[in-house]
Structure formats: structure tokens, C-alpha cells
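Notes follow once the structure below has been shown.
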Protein chains: 2
Amino acid sequence: MKAPVTLKQLSLLLNISIATVSRALKDHPDISVETKKKVRELAGIMDYEPNAYAISLKTNNSKEFGIIVPEISNYFYNYFIAAIEEEARRYGYSVIILQSGNDPQQELENIRRCRKSRVTGLFVSTITDSVDMTEFKKTEDSGIPVIFFDKVPAYNSCNKVCVADEQAATIAAHVMINKGKKDVLAIFGDSNMSISASRKSAFCEELRSNAPDCKITTIEARNSEEAYQRAAKALKSKKRPDGIFCMSDEILSGVMKAIQLLKLNIPSDTGVIAISNGFIPQLYYPEITYAETSGFKLGKLAFARMMACMAGSTFTQTIIAESVLVNGGSI
Amino acid sequence: MKAPVTLKQLSLLLNISIATVSRALKDHPDISVETKKKVRELAGIMDYEPNAYAISLKTNNSKEFGIIVPEISNYFYNYFIAAIEEEARRYGYSVIILQSGNDPQQELENIRRCRKSRVTGLFVSTITDSVDMTEFKKTEDSGIPVIFFDKVPAYNSCNKVCVADEQAATIAAHVMINKGKKDVLAIFGDSNMSISASRKSAFCEELRSNAPDCKITTIEARNSEEAYQRAAKALKSKKRPDGIFCMSDEILSGVMKAIQLLKLNIPSDTGVIAISNGFIPQLYYPEITYAETSGFKLGKLAFARMMACMAGSTFTQTIIAESVLVNGGSI
DNA sequence: AACATTTGCGAAATCATTTGCGAAAACGTT
DNA sequence: AACGTTTTCGCAAATGATTTCGCAAATGTT
């Protein structure tokens with residue numbers, strides 16, 4: 001248990017002032033090359049590491065970004081986080097990740113924690129029923145840019161980066177149309193969530209206007225288990241749908257379980273298409289065709305927006321990441 | 001962009017010294033009740049929040065734990081992290097999560113980052129080929145307890161908390177025996193990883209000694225895709241195995257894909273059993289039977305060990321979390 | 001009344017680093 | 001030689017909170 005090396009110690013050993021050591025280490029032009037060399041050498045030997053807290057205290061900034069998500073066990077967020085980390089690293093920042101569970105109280109604590117530790121910027125995907133903006137406002141007031149992503153608040157004047165829900169749903173609808181499906185089963189998540197509503201309306205509208213004779217049955221399923229139960233029921237009926245649309249990975253996994261239960265063949269017995277980040281679809285054979293909503297791409301966009309805010313962008317902006325179709329042979 | 005409130009500001013407004021304000025806020029007996037009341041009131045109104053960096057600078061401790069994992073997109077780690085967070089919160093600590101990707105360089109950076117930010121303790125699951133202990137030693141030398149979990153180094157004198165690899169493999173072998181399997185296919189991960197070796201030897205030994213007439217075929221697969229390819233090949237052969245053991249989720253997902261490819265029925269055509277944390281197995285119908293290795297339980301154990309180390313436990317210890325069988329109907 | 005103890009609070013040091021300003025030395029210019 | 005300029009570096013303040021020490025007044029003890 002040896003104490004960490006400090007500038008003071010180096011300065012004592014070299015018989016020069018602390019200030020000079022500090023400047024030498026950061027290649028300040030005021031310092032001569034020889035002095036720099038000596039300082040760097042000793043610092044190397046004693047492996048000096050600057051005290052992050054002293055620096056943050058001085059600069060009032062921590063060179064780290066905060067990411068707050070409902071939960072990290074989610075492939076979409078994982079990719080988002082990966083993208084942010086990748087970019088952050090390039091700029092010499094690090095990233096801390098905080099989970100809010102489904103507890104608004106915890107989300108609050110997380111925000112406060114980020115503010116206390118003076119993060120440089122904050123990326124937030126809020127919890128379903130989180131509506132209180134005061135805590136976020138406070139954060140922005142103290143000079144920390146906040147970028148909302150994926151689950152963004154309805155509140156208008158804030159920076160948002162989200163996936164193209166409508167577009168992804170439209171892509172899926174198009175596939176249904178092109179494949180000439182006549183009886184489509186579409187399963188959506190909790191109808192209280194705006195994401196479900198927007199995907200549903202986009203999907204149904206596109207299908208109805210381009211294939212008016214196609215029958216659409218919609219089901220709501222709040223989790224994988226519900227999707228499993230309800231899909232199984234729907235698939236058992238005499239008039240089995242010839243195409244199934246799953247608006248999320250959770251729903252897709254439930255549907256696939258139902259399909260296995262009934263020993264149906266894909267895509268001959270029924271076709272399947274989903275909106276997904278890509279992990280779940282490739283677990284099956286044939287792999288599931290999906291409209292991709294890439295957390296990675298979203299992360300890159302969010303980071304770019306963050307940089308703009310840090311550079312002093314004053315206005316707020318809503319950015320939408322486009323979706324692409326990934327063919328897997330399931331429809 | 002208003003600057004945060006400081007003790008100084010409060011002291012100025014109240015016409016008392018900074019020291020008194022500080023003590024009043026932490027209920028120091030030296031301070032009179034009236035003074036305390038006044039201070040607390042003003043602090044409340046101005047919503048004063050102590051500067052975390054100043055405190056950490058003084059105390060050389062950050063009241064936060066670091067968790068370093070290869071990647072967070074892993075249900076095992078998610079549960080581990082959840083457990084640590086839950087416990088940490090109870091004790092007034094927070095948690096920062098860092099990913100190493102599969103890059104040893106990044107693992108190093110992560111460790112350094114934790115040391116720089118003077119985390120109270122560090123939980124680490126190392127990368128496959130990480131063997132250099134000097135960085136960890138340095139961390140412990142500076143007074144930060146390090147608890148290894150799951151993927152632990154072979155190095156002896158360090159604190160480790162791991163799942164009962166052998167036991168889980170033995171449980172799976174027992175199921176094979178009880179079901180009277182005669183031709184078992186067992187798929188293991190990268191043979192360079194100790195986890196693969198220990199699971200393999202435990203599984204094979206148990207099976208051989210209790211069911212000497214059972215044929216065992218072992219395959220190595222370093223990822224899901226390899227498991228898929230090789231399992232498909234093995235399952236196509238005339239003499240199809242009647243039981244498959246998958247040592248991990250990754251392998252299981254590849255095997256299941258092969259099974260779907262060949263349209264085999266589970267468990268009638270062949271049985272499947274895995275070692276898993278539980279997420280992947282319940283994606284299929286029938287759900288896959290597995291020997292559970294619980295990240296959550298492991299997290300609780302790791303935290304307890306951490307507390308012991310912080311309290312001054314000097315010796316090192318290796319703790320094993322037991323595994324239980326979860327029946328899913330796949331064998 | 002003389003002394004001891006308790007109460008309530010402030011001054012100043014401390015943590016490690018950064019930085020504006022000043023100072024001394026070295027150098028160049030006329 | 002006198003002056004201006006550049007180079008190189010140190011002093012000291014500042015960041016925000018904690019904590020040791022000590023002071024003065026109030027209270028208690030004999």
C-alpha cells in the first residue's frame with residue numbers, strides 16, 4: 001500500500017518547482033528541452049499518474065461522458081454504448097454507464113451522480129414514464145449538454161437522437177406487400193409507449209394504402225411471454241396468417257417460441273419479419289429478416305451531436321437515424 | 001449555466017466560517033442546534049451539493065466501485081452487475097462499468113482509469129489471454145482491493161469468485177446418465193481457456209465413470225458460428241447423437257440453429273442440455289434444460305468478499321458459487 | 001474566588017494540480 | 001554599454017471540502 005506519486009515528490013527529487021514539473025509533463029513551451037527530458041524520465045521511472053480528482057477540481061470537468069440507460073442488458077443499448085465508447089476514446093474521454101432499472105428514483109440518482117461528478121456530457125435514454133424535466137434542466141444549466149436517445153421525452157426543446165420507427169415499420173410493411181402476403185399478423189408492444197403507437201400506425205397505414213385487400217390482425221404484447229402466448233393462439237386458428245410482423249426483439253423471441261411449439265416451417269408455413277438490432281434474428285434458422293435499427297449508428301450520431309453541443313451549439317435538434325432491411329430468409 | 005454552490009458561498013451569506021458550515025452540514029456535535037438549522041435551511045434553498053472531487057481529493061477515495069468486464073452485452077455479466085449495484089447502493093456507493101472489448105490494451109487502460117479515479121474496489125473479469133498481473137498488483141498496492149470473478153487468472157494469490165464449472169458440468173453429465181444416453185455430443189469453447197478445460201474434464205470424467213458404455217464425441221467451437229457449422233455436420237451423420245451438451249450460451253445458440261436447420265425434434269430426435277445463465281434457454285420451445293451459473297448469486301458473493309477485503313482481510317480466497325439444474329424439457 | 005471543563009466556533013493546513021504573473025538570466029540589437 | 005527581447009522558471013493563489021488545533025466564553029467544581 002504505497003501512496004501514489006505526486007508532482008511535489010518529483011519536484012523535490014529534481015530540485016525544481018512543482019509548476020515546472022507540471023508544465024514539463026504537458027510539454028509547455030516555456031520549459032527547456034533538457035528539463036522536460038529529466039522530468040519525463042523520472043516521471044516514467046516512478047510511474048507518476050496525475051491525480052484525476054485534483055485536475056477535475058481545478059478544471060471543473062472530468063473528461064468523461066455519462067450514459068444513463070434503463071438497463072444495459074439490451075443489445076440495442078450495448079451497441080449504442082459501444083459506439084459512444086469508441087468515439088469517446090478517440091477524443092481522450094472515458095465513459096461511465098449507469099442503469100436506472102425501471103425505477104424513476106434511481107434515474108434521478110443517476111442524473112445527480114453525473115452532475116456531481118461533473119461529466120462533460122450526458123446521454124440519456126429515459127424510463128417509460130419519466131416526465132420530470134427539471135433535473136435535466138438543472139444539468140444543462142450547470143453547463144453539461146444532455147443528449148436524449150432512443151426513449152426520448154415528449155418535451156420539445158431538448159436534443160434528441162432516435163431511430164426511424166416509422167421508416168422501419170414502413171420497410172417491414174413493404175416486404176409484406178412485395179411478398180404478396182394476404183393475411184398479416186402484426187404484434188406490437190405496450191400501447192402506452194409512443195414507440196409502439198408510431199410503429200403501429202406506420203405499418204398499418206403503409207400496408208393498407210398499398211395492399212388494400214390484405215387482412216391485418218394486430219395484437220398487443222407487453223413482453224416476450226405474452227407474445228408467445230398470443231402468437232401461439234393466433235397461429236393455431238384455422239386461417240393461419242401468412243406473414244408475421246414483430247415490432248421488437250422481445251416480441252420476436254416470443255413469436256419464434258410459438259412457431260417452434262407448433263412446429264411450423266419458416267417461411268413456407270408463415271413468413272416472419274421484425275424490427276431489430278440484429279442479435280436475436282441470427283439465432284434462428286433461417287435467420288429472421290428484419291428492418292435494422294442500429295444502436296451503433298445511433299451512437300455515432302449522438303456523439304456527433306454531443307460534440308456540436310460542447311462546441312457551443314445553442315439550438316436544440318432532433319435527429320433520426322435511418323433503418324435498412326437485412327434479409328435473412330424468413331419471409 | 002450557473003456555477004454550483006459551494007461552502008464558501010454559504011459561509012459568506014451566513015456570516016460564519018466555512019469550517020462551521022461544513023461541520024453543521026454533517027451534524028458535528030461542536031455546532032449549536034440553531035447554527036445547524038440555519039445552515040441546513042440555506043443549503044436546502046440553494047440546493048447545495050458537495051463537490052465530489054474536492055472530497056475525493058481530500059479522502060483519496062471515491063465511494064464508487066469499478067467493474068471491468070470483457071463486454072456488457074452478456075446476460076451473465078448483466079446479472080452480476082445488477083447484484084453489485086444493488087449491494088453498492090445499500091452502502092452508499094455507486095458503480096462504474098467499463099468494457100474491455102477483446103482488447104488487452106483496453107483492459108489495461110480500464111484498470112488504470114479505475115486506479116486514477118481511486119475507486120474503492122475493483123471487480124474484474126479478465127480477457128481470455130490476459131496474463132499480466134503487474135497492473136493488478138499495482139492496483140492492490142495502492143490500497144484498492146481487486147476481486148476477480150468468472151474469468152479469473154490462473155495466478156494463485158488473488159481473490160477469486162467463480163461459478164462451479166466442474167459442478168455444473170457434472171450436473172449436466174448426470175442428466176445424460178439418468179436419461180440413459182448412449183451417444184453424447186459435447187461441445188466446448190476455446191480450449192485455451194481454462195473454463196473450457198475444466199468443464200470438459202469434469203463432464204467427460206463423470207460420464208465415463210458412471211456410464212462407461214456411453215460414447216462421447218467432443219467438439220471445440222470458439223464461437224456461435226463455429227458451433228453451428230460443426231454441430232450441423234455432426235448431426236447430419238448417420239449415427240446421430242442422442243444427447244448434446246453445450247458448455248455455454250454461445251455454443252447453445254449455434255447448436256439450436258443447426259437443429260432448426262435439420263428440422264430435428266427436441267427431445268425426441270436428440271436431447272439438449274447446456275450450462276447457462278438462463279436467458280438463451282428460454283428462447284426456444286421446448287425450453288432448454290440447463291445447469292445454472294447465476295451471475296446474480298456470484299455478484300452477491302463477490303460483494304461480500306469485497307467488503308471483507310475493505311475491512312482489512314489480508315489473506316486471499318477463492319469462492320465457488322454452486323450451480324443448480326433448471327429443467328426445461330429439452331432432454 | 002480560583003481553577004478546570006465544556007461549548008461553539010474560526011484560522012489555517014491539507015489534498016494535487018493548474019496558471020497568471022513576475023523575475024532572473026541569456027541573448028540580440030544598436 | 002545600454003537597452004529591449006526572449007527564454008526559462010518559480011511564487012503564490014486558487015479550486016472545494018475536511019480536519020486539526022486552538023481560542024474565547026460559558027459553565028461547573030471545590
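By convention in this document, chain letters (A, B, ...) are assigned in the order of the sequence lines, proteins followed by strands, and residues within each chain are numbered from 1.
- Atom CZ of residue A:Arg89 and atom CG of residue B:Asp103 lie 7.5 Å apart, to the nearest 0.5 angstrom.
- Ring geometry for A:Tyr77 against A:Phe149 counts as perpendicular: the plane angle is over 60°, on a 0 to 90° scale with 30° as the lower cut.
- Using a 4.0 Å heavy-atom distance criterion, A:Pro50 is classed as a sugar-phosphate-only contact.
- A donor-acceptor contact shorter than 3.5 Å links the side chain of B:Ser62 to the backbone of B:Arg118.
- Sequence order on DNA chain D of the closest nucleotides to A:Ile16 and A:Ala54 puts A:Ile16 first from the 5' end.
- The residue among B:Arg118 and B:Ile31 whose nearest nucleotide of DNA chain C is located toward the 5' end is B:Ile31.
- Taking atom NZ of A:Lys8 as the reference point, atom P of C:dA13 lies 12 Å away to the nearest angstrom.
- For the pair B:Gln9 CD and D:dG16 P, the interatomic distance rounds to 8 Å; values are reported in whole Å.
- Taking atom NE2 of A:His28 as the reference point, atom C1' of C:dT19 lies 8 Å away to the nearest angstrom.
- Atom CG of A:Asn61 and atom P of D:dG16 are 14 Å apart (whole Å).
- Counting distance only, with no hydrogens placed and no angle test, the side-chain atoms of B:Asp30 and the base atoms of C:dC9 include a donor-acceptor pair under 3.5 Å.
- Over its full length, the helix from C:dA1-D:dT30 to C:dT30-D:dA1 turns its helical axis through 50°, comparing axes from the five pairs at each end and rounding to 10°.
- Residues A:Val163 and A:Leu298 are in side-chain contact: their nearest non-hydrogen atoms beyond the backbone lie under 4.5 Å apart.
- For B:Ser32, a side-chain nitrogen or oxygen approaches OP1 or OP2 of C:dC9 to under 4.0 Å.
- A:Leu57 comes within contact range of at least one nucleobase, with a heavy-atom separation under 4.0 Å.
- The phosphate of C:dT17 has OP1 or OP2 within less than 4.0 Å of a side-chain N or O from A:Tyr48.
- The distance between atom NZ of B:Lys63 and atom C1' of D:dT18, rounded to the nearest whole Å, is 15 Å.
- In this structure, the NZ atom of B:Lys116 is 15 Å from the P atom of C:dA16, given to the nearest Å.
- Considering CD1 of A:Ile16 and CG of A:Leu13, their distance stands at 10.0 Å, rounded to 0.5 Å.
- Within residues 17-25 of chain B, the residues approaching DNA chain D are B:Ile18, B:Ala19, B:Ser22, B:Arg23, by heavy-atom distance under 4.0 Å.
- Annotation: the span from A:Tyr91 atom OH to A:Met310 atom CE amounts to 9.5 Å, rounded to 0.5 Å.
- For a distance-only test at 3.5 Å, the side chain of A:Lys58 qualifies as a donor-acceptor partner of the base of D:dA14.
- Within the structure, a side-chain polar atom (N or O) of A:Lys26 is placed less than 4.0 Å from OP1 or OP2 of C:dT18.
- Rounded to a whole Å, the CG atom of B:Asn15 is 16 Å from the C1' atom of C:dG8.
- Aromatic ring centres of B:Phe148 and B:Phe136 lie closer together than 6.0 Å.
- Remark: P of C:dT17 and CD of A:Glu49 are 11 Å apart, rounded to the nearest angstrom.
- For the pair B:Thr35 and C:dC9, the criterion of a side-chain N or O lying under 4.0 Å from OP1 or OP2 is met.
- For the pair B:Arg305 and B:Phe315, the cation-pi test (distance below 6.0 Å, angle within 45°) is passed.
- For the side-chain contact (heavy atoms from CB on, under 4.5 Å) with A:Arg115, the lone residue among A:Asn110, A:Thr139, A:Leu122 that qualifies is A:Thr139.
- The aromatic rings of B:Phe303 and B:Phe123 sit parallel, their planes meeting at an angle under 30°, below the 60° perpendicular limit.
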